[in-house]
Undergrad: 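Starting off with a structure, shown below.
Labels below follow one simple rule: chain letters A, B, ... track the order of the sequence lines, proteins then strands, and each chain is numbered from 1.
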Amino acid sequence: MSDRSRPALSFLAEMQWRGFYQQCTDPEALGDLLARETVTAYTGFDPTADSLHIGSLLPILGLVHLQRHGHRPIAIAGGATALVGDPSGKTELRQLLSAEQIETNLAGIRAQLARFVDFGEPGLADLDHGPVVAAGPGNRGILLNNADWLRNQNYIEFLRDIGRHFSVNQMLARDSVKARLEVGLSFIEFNYMILQAYDFYILNRDHGCKLQMGGNDQWGNICSGVDLCRRLNQQEVFGLTFPLLATAAGEKMGKTAAGAVWISPQRTSPYEFYQYWVNVDDRDVSRFLRLYTLLEPAKIEALEKLEGADVRQAKRELAGAVTSLVHGPQEAEKAAKAAAALFTGSGDESTVPSSELAAARLAGGDLLLVDVLVEVALCQSKGEARRLVRQGGVKLNGEIVAEELRALTAADVQAGRIRLQLGKKRHHHLLVG
RNA sequence: GGGGGGGUUCCCGAGCGGUCAAAGGGAACAGACUGUAAAUCUGUCGGCGGACGCCUUCGGAGGUUCGAAUCCUCCCCCCCCCA
C-alpha cells in the first residue's frame, strides 16, 4: 500500500491538504526553495521512552512526506537534549532520565524511525517490512544523535560562542517558557531552547539543513534555531510546525484505558493498535485519514463522503492503513481478520489475542474466572473482575456470566479454547493445552 | 537568608481530631440505547473476603491521643513576596 511514486502536489501543498501545516517562518521563500532544490530538513525526537507512541507519528510522517517528495530528511535522536528535558508543553519539571536509560531508549527509537524513513542502512533494524518510502541516492535520510556534538561542549566556550546570541528577554517571552513561569522552571530546562537551536546550527553548517519541522509547541525552539543560523552561518533557514492534535473529544491523542498507544508491538499489540483506530470518533476520521495514512487524496476524499453507519468503512480503511504503516501489511491483515471475527461474527478467530492455559488447571473445578481475568491482565484486581461480573460485563463463550465466583471447568472448553469477553470490546481467548 | 502559602486517592479539588476509603468535578470502566461512533441515562470507580468485616492510603519519619488526612516535632519538595 505504500505510495512510492512521486506525488502530484508540491510538498507544502500536500502538507497543507493533509493538515500538517500549522505555521511556517516564511512559506513563500520556503516554497521557492523546495521547488528549486533538494532540501534537507530535520525533526528531533526525544528518547524519553524505549518506543515512540502515536503522538510521534505526525512528525515521523512529516519526514516521510518530505522524503516522498524527493527531499532529504534528517532525524535527530536527542541523546543529549533528553538529558536536559524540554519544558515545551510540559506543565511541570520533567523527571530527569539517566544516561543509561536514554541509551536504551535511543536504540529502540532509531530502529523504529528506520521503519518509516529510508536511511539507507539496511542493518539498522530487523524490519519485517522496509521503510515506507524508498529513497534515491540524493535523498537518503540521515539519522543522528545530538550527543555527538553536544556532550563534550565546554561550558565557558559554549556560553561565549553561542550563549551570547540569546537574549534572555526574548527567551522569557517564548510561550514554552512563559507558560512555566507560574509553576516554575528550572535553569536546566530553560537551556533546552539553546541546545535545540544549536542543533539546527550544526546541521545547517555540516549538512546543509535548511528546514526544521516539529510540533507547534516547538515553535519557539525552532525560531531560536532559525535566528542562530542566520547570525552564525548567515543562512536563511526555515521552520515549519504541525498542529498539536487533540481528538474531537478534546483528549490528547493516543490515550486509552490501557495507557498510551505505542508503536512498539511489545507495548501495544497490533490488534490493540488497530482497535484504537477503528474506535476513533466519527468526527476525527477525515482528519486522521489525511494525517496518518499515505492514502491518495482521491481515495481519502471518497471515504470522507461516507455517512452514518458507513463511516465504519472509513474507520476500517484508516485502521488498516495506519496499522500497515506501523506494523506491516501482514499484521494489519491479521488484526482486521480478528476484528471481523469478533465484531461481525465472520472469519478467522485464530488471531484474537490469547494466552495459554494448562488443561490440568481446569480439572479441580476450583479455578475461578475472576482469578484468570486478573492473570491474563484483563483486569487489574479481583475486585474489578468481580465488579464487572456483577454488572453483567463479562461473557464466557458468549454467555453472560451470572455467578460472581464462577469456576472454569473442562466443560467450558470449546474447540480447544475458552472465549472471554469484557464489555463490548475486549476479547481474549484461553488456549487450553 | 527573611516572610507567607502549599504538598490529599489516575487528574483537579474539598476535608482540618471521631460519623473519612475520604465531598464535588473530570477521566475511566460496566449496563441501556447504538454503528466496535457521538450524545444521553443508570451503575461502578484502593485491596482482600459472600457479608454488617479486615487491611493499606492523605509528601517522609517520629510523637500526642482511646482515636489523626486533620494537633506537635524534625526532614524533603513546590509556589509567592522581600533580600
Undergrad: Evaluate the criterion salt bridge (Lys or Arg N to Asp or Glu O under 4.0 Å) for residue pair A:R18 and A:E14; output intermediate values, then yes/no.
TA: CA-CA 6 Å; A:R18 289 188 178 271; A:E14 181 164 359; 2.7 Å; yes
Undergrad: According to the interplanar angle, ranging from 0 to 90°, do the rings of A:F190 and A:F187 count as parallel (below 30°), tilted (30 to 60°) or perpendicular (above 60°)?
TA: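 Aromatic pair A:F190/A:F187 classed tilted.
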Undergrad: Does a distance-only test, which skips hydrogens and angles, find a donor-acceptor pair under 3.5 Å between the side chain of A:D282 and the base of B:rG35?
TA: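 Flag set: donor-acceptor pair detected.
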Undergrad: Look at A:R312 and B:rU36 and indicate whether a side-chain polar atom (N or O) is within less than 4.0 Å of OP1 or OP2.
TA: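 Yes, A:R312 has a side-chain N/O under 4.0 Å of OP1/OP2 on B:rU36.
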Undergrad: Base, sugar-phosphate, or nothing for A:Q275, non-hydrogen atoms under 4.0 angstrom?
TA: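 Since a base atom lies under 4.0 Å of A:Q275, the category is base.
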Undergrad: Between B:rA21 and B:rA68, how far is it from one C1' atom to the other, in whole Å?
TA: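 Going atom to atom, C1' in each nucleotide, I get 15 Å.
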Undergrad: Could you give the distance separating B:rU65 and B:rC72 at their P atoms, to the nearest angstrom?
TA: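 These two P atoms come out 15 Å apart once rounded.
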Undergrad: Please report the distance, rounded to the nearest Å, between CG in A:D310 and P in B:rU36.
TA: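 From A:D310 CG to B:rU36 P: 12 Å.
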Undergrad: Would you confirm whether the ring centroid of A:W277 sits within less than 6.0 angstrom of the ring centroid of A:Y292?
TA: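 Yes, the ring of A:Y292 comes within the 6.0 Å limit of the ring of A:W277, centre to centre.
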Undergrad: Is A:R426 touching bases, backbone alone, or none of the nucleic acid, heavy atoms closer than 4.0 Å?
TA: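 A:R426: backbone/sugar contact only, no base atoms under 4.0 Å.
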Undergrad: If you look at every strand shown and take non-hydrogen atoms under 4.0 Å, does A:L405 touch a base, only sugar-phosphate, or nothing?
TA: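 Sugar-phosphate, no base atom in range.
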Undergrad: If I pick the P atom on B:rC75 and the same atom on B:rG26, what distance separates them, to the nearest angstrom?
TA: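 It comes out at 41 Å once rounded to the nearest Å.
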Undergrad: Just the rounded figure in Å: distance from P of B:rA28 to NZ of A:K424.
TA: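 It works out to 14 Å between those atoms.
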Undergrad: Taking only the C1' atom of each, what is the distance from B:rG46 to B:rC29 in whole angstrom?
TA: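 Between the two C1' atoms, the distance is 15 Å.
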Undergrad: Just compare B:rG35, B:rC48, B:rA37 and give me whichever is closest to any side-chain atom of A:D281.
TA: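 For the A:D281 side chain, the nearest candidate turns out to be B:rA37.
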Undergrad: Could you state the CH2-C1' distance from A:W277 to B:rU36, rounded to the nearest angstrom?
TA: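 Taking CH2 of A:W277 and C1' of B:rU36, I get 16 Å after rounding.
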Undergrad: Which value, in whole Å, describes the distance between the P atoms of nucleotides B:rA14 and B:rC71?
TA: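 Comparing P positions in B:rA14 and B:rC71 gives a spacing of 16 Å.
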Undergrad: Does a side-chain N or O of A:R386 approach OP1 or OP2 of B:rG49 to a distance below 4.0 Å, or not?
TA: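 For B:rG49, OP1/OP2 do have a side-chain N/O of A:R386 under 4.0 Å.
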Undergrad: Expressed as a whole number of Å, how far does the C1' atom of B:rA23 sit from that of B:rU8?
TA: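 That atom pair is separated by 12 Å.
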Undergrad: Is the centre of the A:F200 ring less than 6.0 Å from the centre of the A:Y42 ring?
TA: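 They qualify: ring centres under 6.0 Å apart.
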Undergrad: Rounded to whole angstroms, how far apart are CD on A:Q380 and P on B:rA30?
TA: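 So the two atoms are 13 Å apart, to the nearest Å.
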Undergrad: Both distances under 3.5 Å, Watson-Crick or G-U wobble: report the partner of B:rU65, or none.
TA: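 Base partner found: none.
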Undergrad: Taking atom P in both B:rG47 and B:rC82, compute the distance separating them and give it to the nearest angstrom.
TA: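 Straight-line distance between the two P atoms is 47 Å.
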Undergrad: Has A:S381 got a side-chain N or O lying under 4.0 Å from the OP1 or OP2 atom of B:rC48?
TA: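 Yes, A:S381 has a side-chain N/O under 4.0 Å of OP1/OP2 on B:rC48.
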Undergrad: Rounded to whole angstrom units, what separation is found between the NZ atom of A:K395 and the C1' atom of B:rG31?
TA: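 Roughly 11 Å, once rounded to whole Å.
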Undergrad: Hey, mind stepping through A:Q212 and A:Q218 against side chain to side chain donor-acceptor pair (under 3.5 Å) and telling me if it holds?
TA: CA-CA 10 Å; A:Q212 179 180 177; A:Q218 298 294 309; over 6 Å; no
Undergrad: Using whole Å, report how far NZ of A:K382 lies from P of B:rG47.
TA: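 After rounding, the reported distance stands at 12 Å.
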Undergrad: With rounding to whole Å, what would you report as the distance between B:rG59 and B:rC48 at their P atoms?
TA: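 Rounded to whole Å, the distance is 24 Å.
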Undergrad: Does B:rU44 have a Watson-Crick or wobble mate here (both distances under 3.5 Å), and if so which one?
TA: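 Base-paired to B:rA28.
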Undergrad: Considering only NZ, NE, NH1 and NH2 on the basic side and carboxylate oxygens on the acidic side, decide whether A:E157 and A:R160 come within less than 4.0 Å.
TA: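 Result for this pair is no, no salt bridge flagged.
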Undergrad: Between the base of B:rG31 and the side chain of A:Q391, is there a donor-acceptor distance below 3.5 Å?
TA: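 Side chain to base: no pair present.
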Undergrad: On RNA chain B, nearest-nucleotide positions of A:V394 versus A:V278: which is more 5'?
TA: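 Nearest nucleotide further toward 5': that of A:V394.
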Undergrad: Just how far, in rounded Å, is P of B:rA30 from CD of A:Q421?
TA: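 Taking CD of A:Q421 and P of B:rA30, I get 10 Å after rounding.
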Undergrad: Rounding to an integer number of Å, can you tell me how far A:L369 CG sits from B:rG50 P?
TA: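 My rounded result for the distance is 15 Å.
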Undergrad: Less than 4.0 Å between a side-chain N and a carboxylate O, is that true for A:R406 and A:D412?
TA: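 Looking at A:R406 together with A:D412, the answer is yes, because their closest N to O distance falls below 4.0 Å.
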Undergrad: Looking at the base of B:rU44, is there any donor atom on it, or on the side chain of A:E384, that sits under 3.5 Å from an acceptor on the other one?
TA: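 Flag unset: no donor-acceptor pair detected.
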Undergrad: When you check the phosphate oxygens OP1 and OP2 of B:rC48, does a side-chain N or O of A:R387 lie under 4.0 Å from one of them?
TA: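 Result: no.
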